[in-house]
Amino acid sequence: MRELTDAILRVIERAPDWIRRDLVSKDAVARIRAEESLAAMIADALDQNADAKV
């Protein structure tokens, strides 16, 4: 569990500024785009983490 938390934290730490800004945007389209981008980054990191264990 700690490995997953660490992987997610690393993604959030390196998230680009536009994602950070758009996550708090009042513009729903921008917010959704940022959420989807961050989700994809997290999914990729988790996938890489799983591959590293094999």
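As a basis for the values below, the full set of heavy atoms in this structure was taken, side chains included, without hydrogen atoms, waters or symmetry mates.
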Visitor: Shortest non-hydrogen contact from Ser25 to Ala30?
Guide: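 Looking at all heavy atoms of both residues, the closest pair is OG-CB, 4.1 Å.
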Visitor: Check Glu13 against Arg20 and note the closest heavy-atom contact, atom names and distance.
Guide: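 Between these two residues, the closest heavy atoms are O-NH2, 3.0 Å.
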Visitor: Under 3.5 Å, is there a donor-acceptor pair between the side chain of Thr5 and the main chain of Met1?
Guide: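 Confirmed, Thr5 side chain pairs with Met1 backbone.
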Visitor: Cluster question for you: counting only ILVMFWY and a side-chain heavy-atom cut-off of under 4.5 Å, with indirect links fine, are Ile12 and Leu23 together?
Guide: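 The answer is yes; both residues are in one hydrophobic cluster.
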Visitor: Is there a path of hydrophobic side-chain contacts, each under 4.5 Å between heavy atoms of I/L/V/M/F/W/Y residues, joining Leu9 to Ile19?
Guide: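 Different clusters: Ile19 never reaches Leu9 through Ile, Leu, Val, Met, Phe, Trp or Tyr contacts under 4.5 Å.
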Visitor: Considering the options Leu4, Val11, Asp47, which one meets the side chain to side chain contact (heavy atoms under 4.5 Å, CB included) requirement together with Ile42?
Guide: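 Of Leu4, Val11, Asp47, side chain to side chain contact (heavy atoms under 4.5 Å, CB included) with Ile42 is met by Val11 alone.
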Visitor: What pair of heavy atoms forms the shortest contact from Trp18 to Ser37, and how long is it?
Guide: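 Heavy atoms of Trp18 and Ser37 come nearest at CH2-OG, 3.4 Å.
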Visitor: Does anything in residues 22-41 form a salt bridge (charged side-chain N to carboxylate O under 4.0 Å, His left out)? List the pairs, not counting sequence neighbours.
Guide: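 The answer is Asp22-Arg33.
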Visitor: Mind checking salt bridge (charged side-chain N to carboxylate O under 4.0 Å, His left out) for Arg2 and listing every partner two or more places apart, or none if nothing turns up?
Guide: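 Result, salt bridge (charged side-chain N to carboxylate O under 4.0 Å, His left out) vs Arg2: Asp6.
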